[in-house]
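Scroll down for the structure; my scribbles are underneath it.
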Number of protein chains: 2
Amino acid sequence: MNAEKKLTELKREDIIEAAVNEFKTNGFRATSMDRIAATARVSKRTVYNHYASKEILFQAITQELCDRVMQVSEHPYDPEIPVKIQLHDIAEQEIALLTSAEFLDMVKMITSESLASPELTKTNFESFQDYNIGMVEWIKSASGDGKLSVTDPVRASKQFLALIETFALWPQLYGVKPVPEKKQQKTIIDSAVEMFLCTYGVSK
Amino acid sequence: MNAEKKLTELKREDIIEAAVNEFKTNGFRATSMDRIAATARVSKRTVYNHYASKEILFQAITQELCDRVMQVSEHPYDPEIPVKIQLHDIAEQEIALLTSAEFLDMVKMITSESLASPELTKTNFESFQDYNIGMVEWIKSASGDGKLSVTDPVRASKQFLALIETFALWPQLYGVKPVPEKKQQKTIIDSAVEMFLCTYGVSK
DNA sequence: AAAAGTAAACTACTTAGTGTACTTTAATTA
DNA sequence: TAATTAAAGTACACTAAGTAGTTTACTTTT
C-alpha cells in the first residue's frame, strides 16, 4: 500500500531531521550516531543502512541545508527604478537571509567543523563563494546603465555585503549579540546604502 | 642553581608551546592530553601538575595568545597630519594584525571551540569586542577637530574595519583564500579609506 | 629532605561501526 | 484475495579504539 509514503522514506526523513537538530546544537564531533538514532526513534543499524558513515551523513545534511537556504540571490536590474531603491531591496533580501535562524545555524555548524577539518565542508564553500554573484550582476547592469561608477564589481559587491554582515552576521555567529530588530536592520541598511552610493553613485 | 631557569618553569614553557601547537592545528576536542605531553616531551602527570584539567590548560593558552596578540590598538589622533594619511596608518596596523599567522591561528582556534561550547571562550570575546576602541577614540578626536563628520563613531569604526576584514580576515579564516600579498593589501586599504572618507570626510 | 618529574599501568567512560537473530512492511505470485 | 518472498527495520551484544584523569613506585632537581 502506497497510500502515504514508503516506510523507508519516512525513516530517512526522521534521520535527517534528527541529524540536523543534533548537528546544529552540538556540532559534528559532539554528536554521536547513537544519539541521532535515538532522537530519530530509529535503530542505529537503520541509520547506517541509509548513511554508511557519520561523515557521509554530515555531508548529506550540510548539502541539504545549503540547498534549502541558498536558493534566492537573484537581483535583476530595473532601469526604471532608482538605484537607491533597488539597493535597499537587495540589502533587505540579504539581511533577511543572514538573520534567519536556519542560515545562522547552518553557518555555525559548517564553521565549527570546517576549521577543524576543512576537507569535510569543502563543497559547501563553493555555494558560499557564489552567493554574491546576483549582486555582482546587478552592479554591472547599473554601471552599464550609467547609474553607478564601479571599476571592480566583485569588490564593490563584497564591500556592500561586508557593511551588512559586520552588524548582522559576525556578531551573531559568535553569540556576542542577538539578531538585530527590524528597526536596527533599517539603520544598518540605510548606512550601508549611503556609504555605497557615496562612493559609487553617479551624481546627476 | 638558578644559572638559567628553574626546571619547573622550563617544563611549563614546554607544555604551553606544545599545547599551543596542538590546539592550533587540531582544535580543543581533537587534541589529547597524552599528545600534548608527548609533544612537550614531558610526562602526562607533569602536565596535570601544572594544569589541573584540559579546559584549564586551554583557557590558559587562549588567554596567553590573546594577550600576546591584542596589545597594540592605540591610534592617537594627530591634528598636524591629514586624516587620510592617518587612516592609512590605522588600516596598515590593522591589516598587519589580521594577516599575521598568530592572529589567524588564534581566531581559528577560538572560533572552532566557541561555536561548540561558548562558555569555554567567553572571556576571550571581551578582548575581541574591545579591539576597535582605539579607532573609535581616533574618530571622535578627528570629528572634534572638524576633519570628519561622524554621528556614530562606533558604527563608523566597525564599518571601516569591516571593509578590511571582508578581504583580509574572513576568507582566510575559512581557508578559501590565502593571506593577501602586500600589493593586494594596499588595494584593500586604499578602497577602504576612499569609501570611509567619501562618506565621513569633510570637504574643505 | 622536600619538591618536582617520570613511566606505566589502570579506571571509567565514550564512540564508530559491525554482526546476528528476529520481526515488520510491502510487493509479487499463486 | 491469500500466501509467499524479499527488503527494510529492530534490539542488542560486540569489537576496537580513544580519552580524561588517577595511582603508584621510583628518580631527579633544588
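Hydrogens, waters and symmetry mates are skipped; everything else that's a heavy atom, side chains included, is used. Note on naming: letters A, B, ... go to the chains in the order of the sequence lines (proteins, then strands), and numbering restarts at 1 for each one.
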request  = Ignoring hydrogens and angles, tell me if any N or O in the side chain of B/Ser114 forms a donor-acceptor pair with the backbone of B/Ile110 under 3.5 Å.
outcome  = yes

Residue pair [X] / [Y], side-chain heavy-atom distance below 4.5 Å:
| X | Y | answer |
| --- | --- | --- |
| B/Phe167 | A/Arg155 | yes |
| B/Leu169 | B/Leu104 | yes |
| B/Val154 | B/Gln159 | no |

What is the distance from [atom1] of [X] to [atom2] of [N], rounded to the nearest Å?
| X | N | atom1 | atom2 | value |
| --- | --- | --- | --- | --- |
| A/Asp14 | D/dA8 | CG | P | 17 Å |
| A/Tyr51 | C/dG17 | OH | P | 15 Å |
| A/Leu10 | C/dT24 | CG | C1' | 14 Å |
| A/Arg12 | D/dG9 | CZ | C1' | 14 Å |
| B/Glu55 | D/dG21 | CD | C1' | 13 Å |
| A/Arg35 | C/dG17 | CZ | P | 18 Å |
| A/Asp34 | C/dA16 | CG | C1' | 8 Å |
| A/Tyr48 | D/dC14 | OH | C1' | 14 Å |

key: Out of D/dA20, C/dT18, C/dG5, whichever nucleotide has its closest atom nearest the side chain of B/Met33   = D/dA20

task = Heavy atoms only: give me the nearest A/Ile15-A/Leu57 pair and the separation to one decimal.
result = CG2-CD1, 4.3 Å

Least distance between heavy atoms, A/Pro180 atom then A/Gln185 atom =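 The answer is O-NE2, 3.1 Å.
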
request  = Determine: side-chain N/O of A/His50 to OP1/OP2 of D/dG9, distance under 4.0 Å, yes or no.
outcome  =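 For D/dG9, OP1/OP2 do have a side-chain N/O of A/His50 under 4.0 Å.
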
query = Under 4.0 Å: is that the gap between some side-chain N or O of A/Ser32 and OP1 or OP2 of C/dT14?
reply =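 Looking at the OP1 and OP2 atoms of C/dT14, neither is under 4.0 Å from any side-chain N or O of A/Ser32.
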
Distances under 3.5 Å between nitrogen or oxygen atoms of protein and nucleotides 6-10 of chain C:
unit_1	atom_1	unit_2	atom_2	d
C/dT6	OP1	B/Lys11	NZ	3.0
C/dT6	OP2	B/Ser43	N	3.0
C/dT6	OP2	B/Thr46	OG1	2.6

query = Looking only at side chains, do B/His88 and B/Asp190 share a donor and an acceptor under 3.5 Å apart?
reply =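 Looking only at side-chain atoms, B/Asp190 and B/His88 do form a donor-acceptor pair, the distance falling under 3.5 Å.
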
